[in-house]
Structure formats: C-alpha cells, structure tokens
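First the structure, in the form of structure tokens, and then the observations on it.
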Amino acid sequence: MQLQTQALHAGYDKDTQRTMAVPIYQTTAYEFRDVEHAANLFALKELGNIYTRLNNPTTDVFEKRFATLEGGTAGLATASGMAAIFYAIANAAEAGDNIICARQLYGGTLTQASYTLKRFGIEARYFDVQNPDEINALVDDKTKVIFFESLTNPSVDVADIKAITTIAKKHGILTIVDNTVATPILCRPLEHGVDVVVHSASKYTTGQGLAIGGILVERHDLVDLLRGNQRYPQFNEADESYHGLVYVDVPLPLFCLRARLSLLRDLGAVVSPFNSWLFIQGIETLSLRMREHSRNALAVAEFLETHPKVKKVNYPGLKSNSNYANAQRYFENGMSSGLLSFEVESFEEAKKIVDATNLFSLVVNIGDSKSIITHPASTTHQQLSNEELIACGVPSGLIRLSIGLEASSDLIDDLTQALNG
Ligand code: PLP
C-alpha cells in the first residue's frame, strides 16, 4: 500500500462506535476486569492498557501509524523529540559507554550529547557526516550507538545512510537516525539498514506548529542485532526492575518494549493523548504537505542562488549542492523537504535581513505550514563556541529558512525586499 494511503488508515481499526476520526482517550488510567486481569497485564501475559504513562489507545494509533510509515515494527511516542532521542540513546548506552554522533546535528541534540549525557557518564564522540569513514577510528568495545540525522538541521547535509550503516554492521553497533526533517514521506532510513528512527513530531508531523511530541520507531527483527551481542547485556540479561524479564526472549519488538517498561515508566516523559490526536490529524496530510514544502523550497533556493548578497545556499535539491547525489539516492524523487539555509557576509548582515522580512516569522521552529526564519548563531546554537559553530556547519552569517505552504512568489518577494533593503 502507498504511504499516502497508510497515512490515513494504518493503526486504526474503527472502534465500537465506528468513528471515522480516531477518538481521544483522555484518561489517566484503565479499569481492570479483576485481579487476575491486572496481574496478567503487569506480567505481559496479556497486552492491554494499564496507565497512560505506559500506554494509551489514542497514542497507540499514532505509534502504529507512524511505525507503518517508517516501515518499522513498533513505535514509542514521547513528550518531545528531545525525550525520544534521550530514550533511544539511554536504552542502548549507560554510564561508562560512549556514542558516536555526527557533528552536524540539531543544536539541542548536540548539547544533550555533549553535556547532559556526559553528566550521566555517557561520552559523545563526533564524526563528520560527510566523511563516515571517521567512525572506524572512534569505535571501541564501549561504543553503543551511532547517531546521525538523515537531513541535518540546520546545516542541511544529507547523510550517506548506507555508508554509515555498513560501518555500524561491521562493528555490530546500533544505529539511530533522527528523520525529523526528511519525514518518512521523503526518506525511510530503516530500508537502508538503520535500526531505530527518532523524530520530533513537533515539526512536519503536527505540521501547523500545534504540539510538542516525539516518537521512536524500531526496525523489524532488531533482535537479530541484539541477541548474544556483548555490547548490549541489558537486552540479554534479566531485568531485575521487571521481575527478571529477558528482552531477547520476549516475542515483541524489544527496543520499544524496554524503552516503555523502563524509561517511560521510570522517567515519565509521556505524550498527552490530545497531542497524539493532533499528530494523527497532521499525518493525514503529511504526504501532500511534504511535496509542496519541497517544491516551494526549491523555488526559493533557486532564487537565492542568483542573489549577489548571498554567498552560499544550502539546499540538497539544487544541482549545484554537494548533497545533491545523496538527496537523489535517498529521498523520494529527490524531494528535499522545506529546510534550507543561506549564508551572507556577517553576523550583523544576517541579523538585518532576518529583521527586515515580513512574511517570515522569526521563530525557533521548523516544519510549520507558515514560513519561518531563524538566525542559528544568535538562537538555537548560541550555546556553542565559534569553533563548534564552524564544525557543525553553522557559520555566524547563516540564516535558516523553513519554507511553508505560502505561494513561493510571495516568499521570494519578501526575501527580495529584505536582501535589497
Ligand atoms: N531533532 C531535530 C532535527 C529538531 O529540529 C528538533 C527541534 O528543533 C528536535 C529533534 C527536538 O525536538 P523537540 O523540540 O520536539 O523536543
């Protein structure tokens, strides 16, 4: 079945009321039939709802629908994209371990990896997403994760997914990809050997800037990588916090199961049922929107390339862009999403242009149907040093655009007056 069909139907078997819209189950808890029923649910002898921190029927539809779009076997929704990233990494690594991350990452992910995970005893090592071979020299027997973005925010690079997963497989290491900017409509990393996909649902999934949320999706047969793999004792040995459960022995998608039973249960960054419902609404139009975002962004990128004040345009849909070949290889018909960036002479010049736009909103978000402009060096990436900024592809004169669904001619008119002003 085509993705645009699955986006409307997957994961929802109309309930007893035959509702066309997925109902919102706005509840904290669920009544057990009797004590035996409750005991069976806790022992995983029977699957069912216990408490909304662990599961919820509306969220269940969101998880199943999104996992279907990614071509995965199960999903786990979280309160934010940052929580999804943390849970995915913390499910694989613990104090004393290390993870290998692309340098070109969303600023929040970089600070989570470099500072917060460090406080939990997990070391982040970095490779250049344009040079996956660097990974080999960083791997040791404590390496638990290789993490990268399929389409990087804000440097707008396209990862050579196959090259990275080939290296990861050689070492038996789990790969986690943030597929937020590409979305499963444009790119399906699991088909290229990735093990776990994470998302901020706060971007294109909600689509209109309505809700914060995240999700992680696990590939089919992930147990093949984890069973007997000495890097991952937590999946092979008894989990004392869950009456001795051995995850590789459970006939369920084990990565999401462990993240749910330990991390979601104990840390509790759960998505609200209402937000899951908003994400379901967003998914219904995701394929239409991603095509239009991509078409509009290409038109704006082509315009910017011709402007004398613009030093460089980063958009993988441009033939002149160094990521063009990867975009053609990994993205549906080469469509490259709505994110692009361009560089002007200086920090001051960039600030002037951002302030002069009218149609673009100055917002630290992406993936809204309304166009957004950001100056990463003074906002999302403010915490990074100059060296870190250059290393992750965010020079101080860089302006990021998230191209929305307005007419591209109106967006180009607005940018023209801002650049010429
Ligand atoms: N990943 C990417 C690529 C992002 O752009 C963002 C937020 O901008 C996140 C993750 C974090 O998501 P959230 O804001 O939902 O926590």
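Note that the coordinates shown come from a computational prediction; the quantities given were computed from them, not determined experimentally. Just follow the structure's listing: the first ligand is 1, and inside any ligand the first atom is 1.
Here His199 has no heavy atoms under 4.0 Å from ligand 1, in either its backbone or its side chain.
One finds a salt bridge joining Arg260 and Glu63 here, because a Lys/Arg side-chain nitrogen approaches an Asp/Glu carboxylate oxygen to under 4.0 Å. The residues Glu292 and Arg295 are annotated as salt-bridged, a charged nitrogen and a carboxylate oxygen being separated by less than 4.0 angstrom.
Looking from atom 4 (C) of ligand 1 to the surrounding protein, the closest heavy atom is Tyr106 CG, 3.6 Å. Closest to atom 15 (O) of ligand 1, if we only count protein heavy atoms, is Ser202 OG, 2.5 Å. The closest protein non-hydrogen atom to atom 3 (C) of ligand 1 is Asp178 OD2, 3.5 Å. Nearest protein heavy-atom contact of atom 5 (O) of ligand 1 is Asn153 ND2, 2.8 Å.
Cation-pi check for Arg258 over Phe235 is met; the charged atom lies under 6.0 angstrom from the ring centroid and within 45 degrees of its normal.
Checking Asn420 against Gln417 by side-chain atom types alone, no donor-acceptor pair falls below 3.5 Å. Looking at Thr68 and Gln6, their side chains never bring a donor and an acceptor atom within 3.5 Å of each other. Judged purely by distance below 3.5 Å, without hydrogens or angles, the side chains of Asn153 and Arg400 pair a donor atom with an acceptor atom.
Considering only non-hydrogen atoms, atom 16 (O) of ligand 1 lies nearest to Met82 out of Met82, Glu149, Lys203.
Every heavy atom of Gly367 sits 4.0 Å or more from the atoms of ligand 1.
Of the polar atoms of Thr109, none of the N or O atoms is found under 3.5 Å from an N or O of ligand 1, judged by distance alone. For ligand 1, none of its N or O atoms has an N or O atom of Ile366 under 3.5 Å away.
Between Phe86 and Phe120, a ring centre-to-centre spacing shorter than 6.0 Å is recorded.
Near Ser80, the atoms of ligand 1 lying under 4.0 angstrom from a non-hydrogen atom of the residue are 15 (O), 16 (O). Listed by number with element, the atoms of ligand 1 under 4.0 angstrom from any heavy atom of Gly213 are 15 (O).
With contacts defined as side-chain heavy-atom distances shorter than 4.5 Å, the pair Tyr330/Asp160 qualifies.
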